[in-house]
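Start at 1 with the first residue, then count along the sequence. In each ligand, atom 1 is the first atom listed, and ligand 1 is the first ligand listed.
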Amino acid sequence: MTDLNSLTFAFIGAGNMSGAILGGMVKGGVPANNIIATNRTVEKQKALNEKFGVVTHLSNLDAVNSADVVILGVKPQMMEATLNELVSSGADFSDKLVITVAAGLHVEKYTNIIGDVRFIRCMPNTPSLVGLGVSGLYVGTNPSTFNAEHIENDKKITSAMFDSVGISVWLDQESKIDDIAAVSGSGPAYFFLFMECMMEKAKQLGFSQEDANKIVMQTALGSAQMASKSDDSFEQLRINVTSPGGSTAEAIKTFQQQKLDKTVADALDAAVARAKEMSKL
Ligand SMILES: NC(=O)c1ccc[n+]([C@@H]2O[C@H](COP(=O)([O-])OP(=O)(O)OC[C@H]3O[C@@H](n4cnc5c(N)ncnc54)[C@H](OP(=O)(O)O)[C@@H]3O)[C@@H](O)[C@H]2O)c1
């Protein structure tokens with residue numbers, strides 16, 4: 001793992017997602033006093049200082065100017081105003097690695113404001129909050145401005161940061177950010193929906209809310225954990241619990257007759273299409 005300890009990081013608009021990432025970095029051994037977090041809500045800033053010991057007394061401008069790596073964590077609709085304010089107050093991004101976690105904004109949107117800088121787009125997901133995130137990463141640095149060695153080093157820094165809250169995957173085209181957003185970005189919601197449906201039916205079968213919740217939760221956790229510890233494919237794992245002619249086989253047949261595979265594929269296509277629409281707004 002790349003040593004992050006010699007770098008200073010500034011999280012601008014440190015909310016839920018940035019809080020998860022900086023928390024993972026601190027737990028992974030990055031000194032808290034090398035991490036600066038800003039938030040326009042003072043209580044949120046204070047909470048990050050109390051929880052992780054990170055530096056929270058600096059303005060956005062001072063945070064950027066003190067950092068080697070700037071992580072932009074504000075909501076997409078706040079990004080333009082935040083960057084314009086920073087640039088007009090004298091922020092200089094030219095020698096920084098800039099990483100954004102905002103959905104839907106293309107690299108060009110940023111570089112039009114902050115200039116041709118070393119830049120990485122990241123699509124994290126909420127399980128980063130519990131150290132089990134998936135982050136899609138895309139290099140937006142212009143290769144004719146910065147050399148390959150610089151870009152490689154930036155990739156190592158970014159992988160080390162996002163691997164501290166889960167796993168990361170490098171993407172070779174910016175459009176793949178929309179694809180990974182549809183799979184892992186939105187993915188937790190799909191699993192929660194499935195869990196919701198199972199819990200409702202468990203209640204109809206007579207289980208209390210508490211028991212239904214517990215049973216479904218542990219089944220999801222156990223299945224994911226089993227899959228992560230096994231060399232078998234998801235398909236093989238499914239076959240392993242589906243005895244021919246048994247009750248699981250009847251349930252699986254119902255899903256297949258009702259074309260669960262097509263429903264899932266259509267849902268992901270709809271998410272990709274919406275991400276593309278939103279990035280044009
Ligand atoms: N959550 C996800 O599942 C997920 C997944 C992938 C990507 N993302 C991306 O992650 C980004 C952050 O999401 P989040 O869930 O962490 O949002 P969040 O908790 O609302 O964090 C953003 C924070 O930025 C603060 N802020 C806004 N403008 C600011 C400014 N000018 N200076 C300093 N702080 C400012 C906000 O303060 P206030 O409290 O005052 O509003 C807020 O606390 C978004 O761009 C989103 O697209 C999120």
Side-chain angles (χ1 to χ4, degrees), residues 9-25 35-49 51-52 54-67 70-89 91 98-107 109-110 113-114 119-138 158 161-162 165-169 171 174 176-193 271-272 274-279 281:
F9 299 85
F11 287 83
I12 305 299
N16 293 320
M17 192 49 74
S18 300
I21 301 159
L22 68 83
M25 289 169 65
I35 299 177
I36 305 162
T38 73
N39 195 300
R40 63 178 177 190
T41 304
V42 178
E43 299 77 53
K44 289 189 184 173
Q45 237 175 263
K46 225 174 120 207
L48 287 173
N49 173 268
K51 194 162 176 198
F52 301 114
V54 296
V55 178
T56 52
H57 65 275
L58 297 180
S59 66
N60 282 353
L61 177 63
D62 289 339
V64 168
N65 286 344
S66 313
V70 177
I71 303 92
L72 302 170
V74 300
K75 294 273 189 199
Q77 61 273 23
M78 299 301 304
M79 192 62 77
E80 199 171 339
T82 305
L83 292 179
N84 277 327
E85 197 186 311
L86 272 164
V87 169
S88 63
S89 56
V98 183
I99 302 173
T100 181
V101 296
L105 303 177
H106 287 171
V107 172
K109 274 251 181 204
Y110 299 87
I113 305 174
I114 61 176
F119 195 86
I120 286 174
R121 258 188 90 180
C122 172
M123 174 53 59
N125 70 359
T126 47
S128 303
L129 293 163
V130 293
L132 291 170
V134 175
S135 299
L137 303 171
Y138 169 74
T158 312
M161 285 174 64
F162 288 92
V165 288
I167 62 155
S168 58
V169 179
L171 310 170
E174 190 168 14
K176 287 195 178 150
I177 286 271
D178 296 334
D179 300 339
I180 201 164
V183 183
S184 52
S186 310
Y190 314 153
F191 285 103
F192 296 143
L193 175 63
V272 173
R274 181 63 185 143
K276 295 205 183 308
E277 259 171 41
M278 290 195 305
S279 61
L281 296 178

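In this structure, CG in Leu48 is found 9.5 Å from NZ in Lys44, a value given to the nearest 0.5 Å. Atoms CG and OG, on Asn16 and Ser128 in that order, are 11.0 Å from each other to the nearest 0.5 Å.
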Check your understanding: Checking side-chain contact (heavy atoms from CB on, under 4.5 Å) for the pair Asp179/Lys176: CA distance, chi angles, key distance, verdict?
Key -> CA-CA 5 Å; Asp179 300 339; Lys176 287 195 178 150; 3.9 Å; yes

Point to revise | Phe11/Val101 under side-chain contact (heavy atoms from CB on, under 4.5 Å): CA gap, chis, key distance, verdict | key: CA-CA 10 Å; Phe11 287 83; Val101 296; over 6 Å; no

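Some N or O of Ala103 is nearer than 3.5 Å to an N or O of ligand 1, by distance alone. Residue Lys44 has at least one nitrogen or oxygen atom sitting less than 3.5 Å from a nitrogen or oxygen atom of ligand 1, judged on distance alone. Note: no N/O pair closer than 3.5 Å links Ile12 and ligand 1 by distance alone. Remark: ligand 1 and Thr38 share no N or O pair separated by less than 3.5 Å (distance only, no angle test). Between Arg40 and ligand 1, at least one N/O pair is under 3.5 Å apart.
Of all protein heavy atoms, the one lying nearest to atom 36 (C) of ligand 1 is Asn39 OD1, 3.9 Å. For atom 15 (O) of ligand 1, the nearest protein heavy atom (residue, atom name, distance) is Lys75 NZ, 3.6 Å. Counting protein heavy atoms only, atom 19 (O) of ligand 1 is closest to Asn16 N, 2.9 Å. Here the protein heavy atom with the shortest distance to atom 29 (C) of ligand 1 is Val74 CG1, 3.6 Å. Closest to atom 32 (N) of ligand 1 among all protein heavy atoms lies Asn60 ND2, 3.0 Å. The protein non-hydrogen atom at the shortest distance from atom 7 (C) of ligand 1 is Val101 O, 3.1 Å. Among all protein heavy atoms, the one lying closest to atom 3 (O) of ligand 1 is Thr126 CG2, 3.1 Å. Ranking protein heavy atoms by distance to atom 24 (O) of ligand 1, first place goes to Gly13 CA, 3.4 Å.
Scanning all heavy atoms of the two residues, the minimum distance from Pro76 to Leu105 falls at O-CD1, 3.7 Å. In this structure, Ile35 and Leu22 approach most closely via the heavy-atom pair CG2-CB, 4.0 Å. Taking both residues in full, the closest heavy atoms of Tyr138 and Leu171 are given as CD1-O, 3.5 Å, listed atom of the first, atom of the second, then distance. The heavy-atom pair separating Gly13 from Val74 by the smallest distance is CA-CG1, 3.7 Å.
Heavy-atom distances between Gly73 and ligand 1 reach below 4.0 Å in at least one pair. The closest approach between any non-hydrogen atom of Thr82 and ligand 1 is below 4.0 Å.
Ion pairing between Glu277 and Arg274 holds under the 4.0 Å rule for side-chain N and carboxylate O.
For the 3.5 Å distance criterion, the side chains of Asn60 and Thr38 qualify, holding a donor opposite an acceptor.
Applying the 4.0 Å criterion to heavy atoms of Pro76 picks out, from ligand 1, the atoms 44 (C), 45 (O), 47 (O). Distances below 4.0 Å separate heavy atoms of Met123 from the following atoms of ligand 1: 6 (C).
Looking at Asp178, its side chain never comes within 3.5 Å of a backbone N or O of Val272 through a donor-acceptor pair.
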